[in-house]
Amino acid sequence: MKMKMKVERRAFIGAGLAALATTNVAAQTFPSKPIRWIIPFPAAGNYDVTSRLVGEAMSRRLGQTVIADNRPGAGGIVGLEVAANAPADGYTVVMGSFSVLWIGPYLAGKPSMVPLFAPLSLLTTVPMVIATKADGRFADIKAALAEARAKPGTVSIGHAGNGTTNHIGILRLQVNEKVQFNVIPYKGSGPGLNDLMAGQIDLYADQLTPLCRRSGRASSEPCWC
Amino acid sequence: LLVLSPDRIAQLTDVPSLKDIASQPFDGGTTAGLFARSETPAAILDTLNGAVVAALKDEEVARRLVELGAVVRPTTRAEFAAYMKDQEAGVSELVKSELLKPE
């Protein structure tokens, strides 16, 4: 009995070493074929352009082609599922975000996709800002927060939809500052910024880029882009 | 009025950040990153990280990304993992307080 266990243990160690050796060889020769870069969003969007720019430079560095593969759908979940079902060999990478891996599935009543993936590196951040109309009723953020604290629900702030980074930013600020805004969801930033400029709402949370491009001077600050 | 990030950003140097108004700092920008399958061997993940970081540090790539309105953020694997944990902690708080609910 003792003997048999010993043999089995040795066999197990042997198998383990063989697996390790295979892994080492794979790592040493990596990459020996093209890499697929899944973009879980449609072509020509911000994520798409970023992926192609970085993928191209990465390909020069690795000496292998990096193939962009757009797999849009369900707010990015479709593309992530494709990546999650590919072999764990590094030949499939996927662009994603906390929002797509965690918040999207949460809102859809599904488990988080964070455990399925190993983070490689952040790529970019597009800053989120809170803007007001140039002649709006708040001169600065402190004034807006003070009013929202003193009279809960009287300061209105718009965002681009439930669960968007815009929405999350407002909620985190509310919790941290212990204030209560009148939070108004819009279907995307276009209608929200229109209402901001028309004076229907006090504030709007948005990415810096759409804010500048769509409304020109939504904020009291000079627009940089 | 406010940038939802710990520090001010280069594009709007005169707009206060969360630290400026003495608010608990968090990373509120729209952030993208690159992932591989979680069971991928570490040595391969390291190679991929090295290639992504080098690509992001390429002057021409960085210049074009900034033109798109982005802040370029090459990180180590551990830094990116820490960012994911921090986001999860912040958003879990919103879920617990029922501010964020499934549709």
Side-chain angles (χ1 to χ4, degrees), chain A residues 23 26-27 30 46-47 49-50 53-54 57-58 61-62 84 86 88-90 93-98 102-103 106-107 109 114-132 140-142 144 162 165 168-169 171-173 175-177 207-209 219 221 224-225, chain B residues 1-5 9 11-12 14-16 21 23-24 26 28-41 43-45 47-49 51-56 58 61 64-65 68-75 77 80-81 83-84 87-88 90-91 93-95 97 99-100 102-103:
Chain A
T23 303
F30 181 86
N46 212 327
Y47 281 149
V49 177
T50 300
L53 271 171
V54 180
M58 208 175 141
R61 167 94 183 181
L62 292 171
D89 57 6
V93 295
V94 60
M95 181 187 223
S97 63
F98 178 77
W102 201 100
I103 297 173
Y106 172 74
L107 294 179
V114 172
L116 304 178
F117 296 100
L120 291 171
S121 172
L122 285 175
L123 297 166
T124 56
T125 291
V126 178
M128 183 69 60
V129 296
I130 291 180
T132 186
D140 56 39
I141 191 67
K142 291 221 159 178
N162 193 32
T165 315
I168 302 293
L171 295 179
R172 289 188 75 177
L173 183 67
V175 168
N176 293 344
E177 287 297 304
Q207 282 83 3
L208 192 56
T209 326
S219 78
E221 315 303 329
W224 67 277
C225 52
Chain B
L1 294 185
L2 177 69
V3 183
L4 292 178
S5 62
I9 53 170
Q11 293 95 331
L12 293 171
D14 51 351
V15 176
I21 64 160
S23 191
Q24 189 185 321
F26 65 90
T30 303
T31 300
L34 193 65
F35 298 85
R37 273 275 308 277
S38 52
E39 300 86 353
T40 309
I44 290 177
L45 296 176
T47 302
L48 287 168
N49 168 270
V52 180
V53 168
L56 290 169
D58 179 292
V61 172
R64 291 179 64 185
L65 291 173
L68 289 171
V71 176
V72 183
R73 294 181 73 174
T75 62
R77 296 202 284 125
F80 187 9
Y83 163 87
M84 293 293 283
Q87 293 288 312
E88 187 159 345
V91 174
E93 221 178 301
L94 304 180
V95 169
S97 56
L99 285 166
L100 188 68
E103 279 151 337

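Protein chains get the first letters and strands the later ones, always in sequence-line order, with residue 1 at the start of each.
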B:Leu94, B:Thr47, B:Leu45: which one forms the most heavy-atom pairs within less than 4.5 Å of chain A?
B:Leu94
So which heavy atom on B:Ser38 is nearest to which on A:Pro115, and how close?
OG-O, 3.2 Å
Shortest non-hydrogen pair, A:Ala88 vs B:Pro41, comes out as O-CD, 3.6 Å
Rounded at 0.5 Å granularity, tell me how far CG in B:Leu4 sits from CD in A:Gln207.
10.5 Å
Reported OG1-to-CD1 distance for the pair B:Thr30 and A:Ile168, which is rounded to 0.5 angstrom
11.0 Å
To the closest 0.5 Å, what do you measure between CZ (B:Arg37) and CG (A:Leu116)?
8.0 Å
Region of B:Leu100 in contact with chain A, defined by heavy-atom distances below 4.5 Å:
both
Do B:Arg77 side-chain atoms and A:Leu120 backbone N/O form a donor-acceptor pair below 3.5 Å?
no
Considering only heavy atoms from C-beta outward, does the side chain of A:Ser121 approach that of B:Leu34 to under 4.5 Å?
no
Chain A: which of B:Ala51, B:Pro74, B:Ala55, B:Ala36 shares the most heavy-atom pairs with it under 4.5 Å?
B:Ala36
Nearest 0.5 Å, please: how far is CD1 in B:Ile21 from CD in A:Glu177?
5.0 Å
Correct closest heavy-atom pair for A:Pro119 and B:Phe35 would be CA-CD2, 3.7 Å
In terms of heavy-atom contacts, A:Phe98 and B:Gln87 come closest through CG-CB, 3.5 Å
Under 4.5 Å from any heavy atom of chain A - which part of B:Leu2
both
Between B:Leu99 and A:Val175, is a side-chain contact (heavy atoms from CB on, under 4.5 Å) present by the stated rule, with each step listed?
CA-CA 9 Å; B:Leu99 285 166; A:Val175 168; 3.4 Å; yes
Pick from A:Ala144, A:Ala57, A:Gly109: which one has the most heavy-atom pairs with chain B under 4.5 Å?
A:Ala57
Kindly give the heavy-atom pair with the smallest separation between A:Gly90 and B:Leu48, and that separation in Å.
O-CD1, 3.7 Å
Let me confirm one number: the OG-OH distance from A:Ser97 to B:Tyr83, rounded to the nearest 0.5 Å.
7.0 Å
Could you tell me which portion of A:Asn162 (side chain, backbone, both or neither) has an atom closer than 4.5 angstrom to a non-hydrogen atom of chain B?
both
Below 4.5 Å, heavy-atom pairs only: which of A:Asn176, A:Leu122, A:Ile141 has the largest tally toward chain B?
A:Leu122
Is chain A contacted by the side chain of B:Val53, its backbone, both, or neither, given a heavy-atom distance below 4.5 Å?
side chain
Assert top hit (heavy-atom pairs under 4.5 Å, partner chain A, pool B:Ser97, B:Ala32, B:Ser23) equals B:Ala32
Might you point out which heavy atoms bring A:Thr165 and B:Gly28 nearest each other, and give the distance in Å?
CG2-O, 3.5 Å
A:Val114 portion near chain B, given a 4.5 angstrom heavy-atom threshold
side chain
Can you confirm whether A:Val49 sits close enough to B:Leu68 that some side-chain heavy atom of one is under 4.5 Å from a side-chain heavy atom of the other?
yes
In terms of heavy-atom pairs under 4.5 Å with chain B, the winner among A:Thr125, A:Asp89, A:Val54 is A:Thr125
Proximity breakdown for B:Glu88 and chain A, heavy-atom pairs closer than 4.5 Å
both
Report the distance from atom CG of A:Leu171 to atom CD of B:Glu93, rounding to the nearest 0.5 Å.
11.0 Å
Can you tell me which of A:Met95, A:Arg172, A:Lys142 forms the most heavy-atom pairs within a distance under 4.5 Å of chain B?
A:Arg172
